[in-house]
Amino acid sequence: MKPSASARPFPFRSFSKFSPGIAVGRTGPFGGSASIFLNGGNSNFTKVLVDGTPINPPGSMVDFSSVTTENIDKVEIVRGAESAIYGSDAVSGVIQLFTHRGDTRVPAFGVYSEGGNLASARGGADLSGILGKFDYSGAAAYFRTDGQGPNDYFVNRTLSGNFGYSFSDTNQLHISLRNNTSDAGIPGATLTPGAVPDLFQGYGQKIFSANARWEFTSGSHWHHQLIGTDSYTRQRSFANPGDVFSFDSVLSFNRAAVNAQSSYVSRNFIATAGYQYEVENAGINFVLPGHLRRNNQAGYLDFRYTPVSRLTLDLGGRVEANGNFGTRVVPRIGGTYVLRFGKGFFGDTRYHAFYGQGIKEPRFDQTFGTDPCFPGNPDLKPEASKDWTTGFEQKLASDRWKLSADYFYSRFYDIVSFANCVNGGLCQVNLSCKFGNGAFFNTDLAFARGVNLASEVRLRKWLFVNGNYTYDDTRVVKSENPFADPSLEPGNHLLRRPVHSGSFGVNVNYARVNWNFIGYFTGARTDSNFVNPAQTTNPGYARFDMAANYNVTRGLFVTARAINLFDKQYQDALGFPALGRFYTFGLRYAFAGKN
């Protein structure tokens, strides 16, 4: 999935809503936590990679509030349990972001600036090219807004670079770097009954990733990769002394790994073997000792075999040795069969089926927590899933129209849950705890089943239409603490995942104008505003966005954008108002470079 040039400067979460199988939970318009639920899984069940480097805090979700698509060429979404290939955290899917690589001898460059309502301003620049055997790509961007209410400001900065050197066509070295930092005011759940904006709470996040990759061959069949990855996440939530409840929470995480793999490649067979060693570090100001560490290693095998031209089979497995939960084996198996090769109106018809398992390590605080009232549990098992997927892909009208339909079923096991301690319950009551006490346990069970439908058609050279629909029936099967949160009652749908959702888009690229119109809808979702009595249903809504640019002269464009064009009032998370109508106007200059 590649965003158009007119969409690229927007945050990643803006266009991720328009992919099938994705639900977004956002606690506010700008700067609030932004989580993604893929194919019904929890927000921390999706592994996120930037050029192959994982950016999830260990065992946790990626907060997409500061992640942008500056200098990103492609976003790839893999649905299903993929821990056999990607390791821990790939329980319900994987999202990969790929940085642009320079590919022109004469440098390509661009610059843009825009401003809009809510005292908003954005600007950025990029440069890429090839110099001899060296290729390069770099970008920088800045965004600021006052937001739509008290203490709702947001500032975001992006730096990105990708640099490579080709010793030969079969021997290449690449290094990519990316840094996103943001600062935000957090007014809180202002739509909750009785709530008023918090004027003192703030949140800052920094996400840095680096990847060094050496790719080379030895002979005509052997391909090798040696990869080093490093990522750092820092999250600070605070309220200054002017707030009644002053606090300062600082979380910092680091993941560093080395990955070596070799592949044997022939005409109809590929075999890959690899080994990975990873070190995870954490500093959590409310967990002692101040520095926490976990060492993990894994070995994996993957085979792809095409016995006949119509059939491709995939088989793989991974042995994951985690510093906390020990050793687990996760398999994957699948295949694709071409039912029909065709031309003209009825094109190729492909059928695919897949089975995989996923695992996710617990968070550091869930394992190592030292608060006597809310202790960690070193005996936690990994959260796990078993996932089945099957579906069809159909090409029509000389490949101008593409249809896909997928059915998925995922069972989630050993979900880490927090349960309050009661007499005769899962933990002993600690009478010295003023506000009660509890503990972490592997208790909850759940499942997700549904259908993802997608269609894209090029009606004319200048007219492109696409759309998708997701039916996602998630259910709580077993929960130890529904009395603490009514949304966790067995039989309920999982939190913030709509049963029905979808989107459609129209792109017109005619003469000097490029125009995009996108609509998104979601049905009602289970949620909670955590008051008594709690509201547990969040109504559905429909939202529409638009973006356009006009080519004034070669390389110079006037741009206009609008998010929530009709100013729909809604909440992605109960109590938190979503972004109202937001628009910008600007100029962009782009030179494509040449060879």
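Because the structure is predicted, anything quoted here is derived from the model rather than measured. Side chains are part of it too, since the values below use all heavy atoms of this structure and drop only hydrogens, waters and symmetry mates. Index from 1, following the sequence.
- Of the possible donor and acceptor atoms, one in the side chain of D63 sits under 3.5 Å from a partner among the backbone N and O of A34.
- With sequence neighbours left out, the ring-ring contact (aromatic ring centres under 6.0 Å, His included) criterion links F37 to no other residue.
- With hydrogens and angles ignored, the 3.5 Å screen pairs a side-chain donor or acceptor of R512 with a backbone N or O of V552.
- Between F354 and W388, the distance from one ring center to the other does not fall under 6.0 angstrom.
- For N180 (side chain) and F64 (main-chain N/O), no donor-acceptor pair under 3.5 Å exists by modelled atom type.
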Audit row: R157, D183, salt bridge (Lys or Arg N to Asp or Glu O under 4.0 Å) steps and yes/no: CA-CA 9 Å; R157 309 165 191 87; D183 297 285; 3.3 Å; yes
message: D302 vs R304, test: salt bridge (Lys or Arg N to Asp or Glu O under 4.0 Å). Steps then yes/no.
response: CA-CA 7 Å; D302 190 70; R304 175 172 294 187; 5.8 Å; no
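- When atom types are taken as modelled, the side chain of Q394 and the backbone of G347 share a donor-acceptor pair closer than 3.5 angstrom.
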- request: Take R460 and N509, measure what side-chain hydrogen bond (donor to acceptor under 3.5 Å, both in side chains) needs, and give me the verdict at the end.
  value: CA-CA 10 Å; R460 296 287 188 273; N509 191 353; over 6 Å; no
query: Given R255 and D89, is the salt bridge (Lys or Arg N to Asp or Glu O under 4.0 Å) satisfied, shown in steps?
result: CA-CA 13 Å; R255 304 178 69 159; D89 306 333; 3.1 Å; yes
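- S262 and W222 are not linked by any side-chain donor-acceptor pair at a separation below 3.5 angstrom, with hydrogens and angles left out of the test.
- Using modelled atom types, one finds a donor on one side chain and an acceptor on the other under 3.5 Å when comparing T272 with S263.
- Here the side chain of R122 pairs no donor or acceptor atom with the backbone of G116 at under 3.5 angstrom.
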message: Would Q261 and Y300 count as a side-chain hydrogen bond (donor to acceptor under 3.5 Å, both in side chains) here? Give the steps.
response: CA-CA 9 Å; Q261 71 175 44; Y300 55 91; 2.9 Å; yes
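- The shortest side-chain heavy-atom distance between F412 and E383 does not fall under the 4.5 Å cut-off.
- In terms of modelled atom types and a separation under 3.5 Å, the side chain of N39 and the main chain of S92 share no donor-acceptor contact.
- Counted by atom type alone, N179 and K206 present one or more donor-acceptor pairs between their side chains at under 3.5 Å.
- Within a 6.0 Å sphere centred on CG of D169, heavy atoms belonging to other residues, nucleotides or ligands number 12 at most.
- Of the N and O atoms on the side chains of D230 and N254, at least one donor lies less than 3.5 Å from an acceptor on the other residue.
- Of the N and O atoms on the side chains of T158 and E70, not one donor lies less than 3.5 Å from an acceptor on the other residue.
- Ring pair W462/Y510 is perpendicular by interplanar angle, where above 60° counts as perpendicular and below 30° as parallel.
- N549 and T559 share no side-chain donor-acceptor pair at under 3.5 Å.
- The ring of Y471 has its center closer than 6.0 angstrom to the ring center of H500.
- Relative orientation of the F517 and F544 rings is parallel, given thresholds of 30° and 60° on the angle between their planes.
- N162 places no side-chain N or O within donor-acceptor distance of the main-chain N or O of S137, the cut-off being under 3.5 Å.
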message: For K402 and E393: C-alpha separation, side-chain torsions, deciding distance, then whether salt bridge (Lys or Arg N to Asp or Glu O under 4.0 Å) applies.
response: CA-CA 7 Å; K402 298 178 182 180; E393 298 174 7; over 6 Å; no
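- Side-chain atoms of Y520 and S501 include no donor-acceptor pair closer than 3.5 Å.
- Side chain of S33 to backbone of T27: no donor-acceptor contact under 3.5 angstrom is found.
- When ring centroids are compared, F167 and F216 stay outside the 6.0 Å threshold.
- In this pair, F30 and F582 present their aromatic rings perpendicular. The plane angle is above 60°, beyond the 30 to 60° band.
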